[in-house]
Structures are given as structure tokens and as C-alpha cells.
Amino acid sequence: MKNRNRRKQQGNGVVSWSTFFWCTLVVVLSCMLLTTLNLSPFTHHTTTSITFPLQWNKGPPPRTSHHATNTKTISIRETVFLPDQALVFLNYPPSFPFLAKSDLTCLYFNDTHTLAHPPIQLHLARIREQIVRCNLPPRGNTTVSLIIQSKPLPASSLHQWTPLVYEAFFDHDSTTLLFVKGLNLKPERLVEPARFHCLFGWDFTNPKFVLKSNAISAAQEIIRCQTPISILTGQARAQPQSIKVTIQVDQREIFPSIARPGLRQPRNTPRRKAHHICICTMLWNQARFLKEWVMYHTRIGVQRWFIYDNNSDDDIENVISFLQSIGYNISQHLWPWVKTQEAGFSHCALRARASCEWVGFIDVDEYFNVKIKGGLRSVIWHKTRLENNVGEIRTPCYSFGPSGLRQVPREGVMVGYTCRLAARERHKSIVRPEALNRSLINVVHHFHLREPFVAVDVEKSVMVINHYKYQVWKVFKRKFYRRVATYVADWRQNQNVGSKDRAPGLGTKAVEPVGWANRFCEVWDMRLRSMVMRNFLDRRTRLLPWQPEFEHHFRRQRRKERKPA
């Protein structure tokens with residue numbers, strides 16, 4: 001009878017206690033074994049990190065084992081020493097809130113002592129990543145890390161600025177572009193791509209975890225390689241944020257790399273793009289001039305702005321935020337890599353390709369001075385209406401001097417500087433992104449194009465660029481301390497002294513020459529000044545919209561409008 005009852009219970013799905021006990025024990029032992037072995041398809045990828053519980057910022061973390069579960073991890077992925085500062089790449093787990101600058105401290109240490117300083121700036125990078133900019137370590141301190149709300153993070157792998165693969169980009173033609181410092185290739189020259197190979201993986205010291213492909217073009221700082229099929233087909237997407245790319249030179253030297261290409265670009269661009277005219281620029285500490293530059297160029301036809309910030313520390317975030325709040329389509333992209341303007345422009349051309357028909361590449365002290373009706377759109381139509389293969393429009397530049405001023409003009413550069421040199425100096429370009437050569441060679445002023453596209457020049461009666469190059473000494477002397485172009489010598493170096501990139505006869509010292517305010521003045525040119533005063537001056541306040549006083553007036557008006565009646 002007992003046996004029949006036991007069989008009846010089993011037939012009804014009831015499990016005996018002994019069976020339940022042994023099954024549970026097997027499951028527990030299996031989990032412990034798997035955890036101990038740390039079985040994972042990516043066990044070769046390691047990151048130095050410190051583990052905190054879900055609410056770690058509310059108190060000290062409890063003691064946990066190396067394999068504790070239900071925790072989130074903040075980690076320093078790697079650190080790069082630039083010539084003037086250190087970049088610390090901070091990784092976040094999914095859904096973890098980003099930290100503020102006040103939460104972080106830069107930590108410097110060696111075997112005997114440690115120092116701590118606040119960070120220079122904090123930037124959002126890609127998904128779940130911030131870049132923390134720290135001062136270089138003081139003499140004797142060789143390692144940089146971070147303190148998060150009094151809790152130190154272990155240091156990570158350290159890279160010097162050169163040689164280094166610093167950026168990468170999955171292009172839509174099944175290729176990958178690598179941006180490389182330390183190749184020391186000559187400007188505007190293609191080199192034999194067979195010298196280079198691209199390596200994709202996590203640990204470049206272990207061939208088992210590396211995919212290799214051939215380079216198909218090489219020039220300046222950019223190597224283009226075929227993307228491995230396994231990445232194209234999605235077999236290597238399990239950890240897309242972790243796949244690194246680097247180069248191997250002459251089958252021997254493998255460059256250090258921090259480059260992770262991220263998501264692939266769509267193959268097909270829309271037939272009608274969102275914007276007709278966009279502008280890319282790279283700047284350092286030019287926030288005070290940004291509003292005037294953006295507002296003016298928007299009036300003549302620019303619709304979208306890509307600001308590549310080369311480590312500014314002059315409140316540029318707030319200026320861009322203000323412009324966004326009043327309707328300007330402008331975005332800031334941190335480009336921390338020093339002396340890489342050409343590479344940055346190539347990167348921006350790729351970024352803008354999907355949404356912009358034409359992209360202008362000018363500096364913040366350069367203004368398109370359009371002399372025909374209809375603005376930039378009319379200029380482009382004027383140069384392309386008879387030919388479909390125009391890929392670049394080149395505009396002559398004229399350099400303006402201090403125009404007798406000794407202080408920064410309160411009305412802005414277009415109104416303040418009205419005297420220039422008589423002869424033109426070089427040109428700047430508006431390009432069609434699809435027309436660029438696959439090498440992406442550029443020399444800041446223009447790009448190399450692929451066949452059958454050609455470049456055309458704009459007549460000076462149609463448009464010129466007012467280049468406010470030689471401003472009052474207070475502004476101009478900053479050029480001595482930072483140049484962003486790769487192939488342009490810094491002002492303090494005794495190189496290419498006669499180049500048009502320099503001020504004639506100035507020398508290599510940031511000492512104001514006698515009579516600076518009246519230099520570079522051969523032709524008084526009031527045209528753009530008159531246009532600005534006619535079209536931008538507020539008749540009631542007598543202010544221009546980029547003046548600080550006008551912004552205060554604008555904010556007061558907004559507050560009044562928001563008050564209930």
C-alpha cells in the first residue's frame with residue numbers, strides 16, 4: 001500500500017525530499033565550479049577596476065570576493081600622457097549615473113608618496129565612458145589614477161602620446177580607418193599601403209585573439225584597412241565597445257592603441273540629406289568668439305555645426321549650451337589629440353557625410369563674406385549649376401590686422417577689424433563629403449578628391465573669406481602657445497619662419513612688437529561691417545546679438561515672459 005501511494009504521488013508530479021536535496025546539491029556545486037573557473041568567451045579581456053555595491057556612494061563598500069555578484073563596476077580603462085596633460089578614460093557599467101567633476105580627484109603617486117589635484121575638465125565620450133583631463137604628474141610621480149568620492153581606483157595601463165593609435169572609425173564601405181600618431185609621414189603624400197596591416201582584437205600580444213587585415217591606403221595620420229568578415233557579419237559583436245584596433249608596420253612593430261571603432265556606419269546615405277550646408281571647425285579656448293561666428297554664418301545659410309574641441313578650458317560648454325537653447329543646431333565633440341587638425345577634419349567629414357550635402361572647414365576667426373544675394377546656397381548653386389562633378393569650392397582669404405585697436409572690440413571682430421592686407425593669403429574650402437579621396441588627405445585648406453570630382457575657385461567678386469588673423473595683441477599672442485595643425489610649426493619654434501602661417505617679421509617670442517596695433521593695414525575694407533550693422537543691430541538696445549549685454553537683456557525678457565500675468 002505504501003509503495004502504491006509513493007508511486008501515485010510521483011505520478012502526480014510530487015518530488016520526494018531526497019530527490020529534491022540531491023538535485024539542489026548538484027546545481028549548487030555546478031554553479032560553484034563554473035564561477036571558480038570563470039568560464040566566459042572573453043576571459044582574455046581584463047580591465048583594472050574597483051568594485052562597488054549598487055549604492056556604494058552612500059557609504060563604504062562592504063567586503064566582497066573577487067567574483068561577487070549583484071555589483072556594478074567603475075573602472076579606468078587606460079591613461080594617455082599628452083605633452084601638456086593626462087587623459088584618464090573612465091568606464092561605467094550599464095545604467096550607472098555619470099559622475100560630476102566635483103566627485104573626482106586626480107591622484108599622482110609613486111613608491112614613496114602621493115599627491116592629489118582637482119581635474120582640469122570632465123567630458124562625456126562614447127556610451128558609458130567619460131574622459132577626465134588631469135594635469136601631468138609632478139616630477140617624481142609616474143602614475144596617474146582617480147579618487148571617486150574619497151575612494152581610489154587602481155591605476156590602468158599607461159600610454160605615451162606617440163606612437164599611438166588614438167581613434168578608429170568603421171566606414172560604410174567595409175573598411176576601417178585608423179588615426180595614428182607617430183607614423184611621421186609627409187603631408188599630402190600617399191605611401192605604399194603594403195607596409196601596414198591592421199589588427200583587430202583585445203590582446204595584441206596573443207595571436208589567438210587577433211584578426212589581421214591588409215591596409216588599402218596610407219597617408220599622413222590615417223590608415224584604411226579592410227574590415228575582417230567576422231566583424232562585418234556580427235560574429236565579433238559580443239563586446240563591441242571592447243574591440244580594439246591597431247597597426248603593424250613592416251610585419252614587425254605593433255603600435256600601442258586605445259582605439260575602439262564603435263558602431264558601423266550605414267552603407268546607404270539618404271537621397272535627400274537633412275542639411276544643405278554644415279561647418280566643421282577645431283578650436284582651443286575660442287569660446288568668447290563662438291556666438292558671433294555661429295550667429296553670422298547661420299544668417300548666410302549654415303544649418304549645422306560640428307565643434308571639435310581641442311581641450312578648451314574657457315567655459316565653452318556653457319556657450320554651446322546657450323546656443324542650443326535658442327535653436328542653433330550645434331554639437332561639441334571632444335577631440336583631445338594635440339597637433340591633429342588634419343586628422344580631425346577628416347574625422348568630421350565622415351561624421352557629417354550622412355546629414356550634410358556640403359561641409360565648410362574654417363576656423364573661428366574666419367568669416368565667409370558673401371557678395372551676392374542668397375548667401376552660401378547661391379554661391380554653391382553659382383559654382384555647380386553647369387557641372388555635376390564639382391566636389392570642392394575654394395574661397396580666397398584676406399587677412400585683417402588690429403586696425404588701430406589695442407583692446408578687444410566689444411562689438412565683435414566683424415565690426416571692430418576693418419583694415420587688411422591687400423594680397424590674398426591661401427584659401428579655405430567647402431566640400432561635398434562623397435567626393436573625398438579614400439585616403440582623406442587634407443592640408444586644412446583643402447582636401448584631395450577622387451575621380452571624377454574637381455575643385456573650383458570662387459571669384460573674389462562673389463565671395464571671399466575675412467580672416468581676422470592679426471587681432472589685438474592680447475588675443476593674438478595666444479597663438480604662440482597652441483597650434484592645432486599637424487604640419488604647421490609652433491610659433492615658438494624656429495622653423496618655417498617665412499611661412500604664411502606666421503606673422504611676417506614677428507619672430508618666435510610672445511613679446512608685443514612696437515606698433516603692433518597699426519600693422520597689416522593696407523586696405524580699409526568696411527563691407528562686412530556695414531552688412532552686420534544693417535542686419536544684426538537691435539534698434540532699441542543698440543546691441544549686437546553676440547554681445548554679453550544683449551544676452552543679459554535676452555534672459556531678462558525670457559524671465560518676464562514666463563511670469564504669470
Side-chain angles (χ1 to χ4, degrees), residues 83-84 187 281-290 292-293 296 310-314 316 338-339 341 362-367 369 395-428 443-445 460 464-529 532 546-548:
D84 58 351
T281 195
M282 185 177 295
L283 54 77
W284 172 70
N285 284 353
Q286 298 287 310
R288 66 191 297 179
F289 305 111
L290 195 58
E292 177 184 7
W293 188 70
Y296 166 76
N310 199 216
N311 295 330
S312 298
D313 52 14
D314 63 345
I316 188 173
V338 296
K339 299 290 286 180
Q341 187 177 18
I362 59 174
D363 296 332
V364 177
D365 60 356
E366 295 170 336
Y367 288 72
N369 183 353
T395 307
C397 301
Y398 290 87
S399 296
F400 282 69
S403 306
L405 302 180
R406 289 175 174 79
Q407 299 295 326
V408 177
R410 60 185 295 271
E411 302 90 352
V413 298
M414 292 183 289
V415 172
Y417 302 117
T418 53
C419 197
R420 61 171 173 82
L421 296 174
R424 59 176 286 179
E425 287 189 346
R426 294 185 171 173
H427 58 260
K428 285 296 179 74
V443 286
V444 176
H445 305 282
K460 65 179 183 180
V464 298
I465 284 180
N466 285 17
H467 184 187
Y468 299 102
K469 181 177 181 179
Y470 309 115
Q471 299 187 32
V472 296
W473 182 256
K474 177 183 177 181
V475 174
F476 181 83
K477 71 178 181 179
R478 297 184 69 84
K479 290 180 180 284
F480 280 85
Y481 304 108
R482 176 71 80 87
R483 305 299 299 276
V484 295
T486 310
Y487 298 100
V488 174
D490 286 330
W491 293 81
R492 290 178 290 181
Q493 297 175 354
N494 191 22
Q495 299 176 7
N496 301 329
V497 176
S499 168
K500 290 183 180 180
D501 290 308
R502 292 179 174 270
L506 188 62
T508 59
K509 291 183 171 56
V511 178
E512 182 175 0
V514 176
W516 174 263
N518 297 306
R519 288 195 178 193
F520 317 111
C521 182
E522 297 174 349
V523 177
W524 289 95
D525 186 342
M526 311 289 285
R527 185 192 176 281
L528 196 55
R529 182 188 193 278
V532 166
W546 44 81
Q547 291 184 245

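Note: hydrogens, waters and symmetry copies are ignored here, and every other heavy atom, side chains too, is used.
Leu283 places a side-chain heavy atom less than 4.5 Å from the side chain of Ile316.
Without hydrogens or angle criteria, Ser403 side chain to Thr418 main chain gives a donor-acceptor distance under 3.5 Å. Looking at Asp314, its side chain does come within 3.5 Å of a backbone N or O of Ala287 through a donor-acceptor pair. Remark: side-chain polar atoms of Glu292 are paired, donor with acceptor, to backbone N or O of Val413 under 3.5 angstrom. Under the 3.5 Å distance criterion, the side-chain polar atoms of Asp363 are left unmatched by any main-chain donor or acceptor of Thr281. In terms of modelled atom types and a separation under 3.5 Å, the side chain of His467 and the main chain of Glu366 share no donor-acceptor contact.
Atoms CH2 and CZ, from Trp524 and Arg529 in turn, are 10.5 Å apart once rounded to the nearest 0.5 Å. Rounding to the nearest 0.5 Å places NZ of Lys477 at 10.5 Å from CZ of Phe480. One distance of note links OH of Tyr417 with OH of Tyr468; it measures 10.5 Å at 0.5 Å rounding. Expressed to the nearest 0.5 Å, how far SG of Cys419 lies from CZ of Arg519 amounts to 14.5 Å. From Gln471, atom CD reaches atom CH2 of Trp516 across 10.0 Å, with rounding to the nearest 0.5 Å. Atom CE of Met414 is separated from atom CH2 of Trp546 by 4.0 Å, given to the nearest 0.5 angstrom.
Shortest non-hydrogen contact noted between Tyr398 and Leu421 is CD2-O, 4.2 Å. Closest approach of Leu405 and Ala517 over heavy atoms only: O-CB, 3.4 Å. Residues Arg424 and Pro396 approach most closely at CZ-CB, 3.4 Å, considering heavy atoms. Taking all atoms of both residues into account, the shortest heavy-atom contact from Asp313 to Asn285 is N-OD1, 2.8 Å.
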Exercise. Could you go step by step and tell me if Phe520 and Ser399 meet the side-chain contact (heavy atoms from CB on, under 4.5 Å) rule?
Worked result: CA-CA 8 Å; Phe520 317 111; Ser399 296; over 6 Å; no
Problem set entry | From CA spacing to verdict: side chain to side chain donor-acceptor pair (under 3.5 Å), Asn369, Tyr367 | CA-CA 6 Å; Asn369 183 353; Tyr367 288 72; over 6 Å; no
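Under the 30°/60° scheme for interplanar angles, the aromatic rings of Phe476 and Trp473 are found to be tilted.
In Arg527, the CZ atom is crowded: over 12 heavy atoms of neighbouring residues, nucleotides or ligands sit closer than 6.0 Å. No more than 12 heavy atoms of other residues, nucleotides or ligands lie within 6.0 Å of CD in Gln407, so this atom counts as exposed by the packing criterion.
A salt bridge (Lys or Arg N to Asp or Glu O under 4.0 Å) with Asp365 is found for exactly one of Lys428, Lys479, Arg288, Lys469, namely Lys479.
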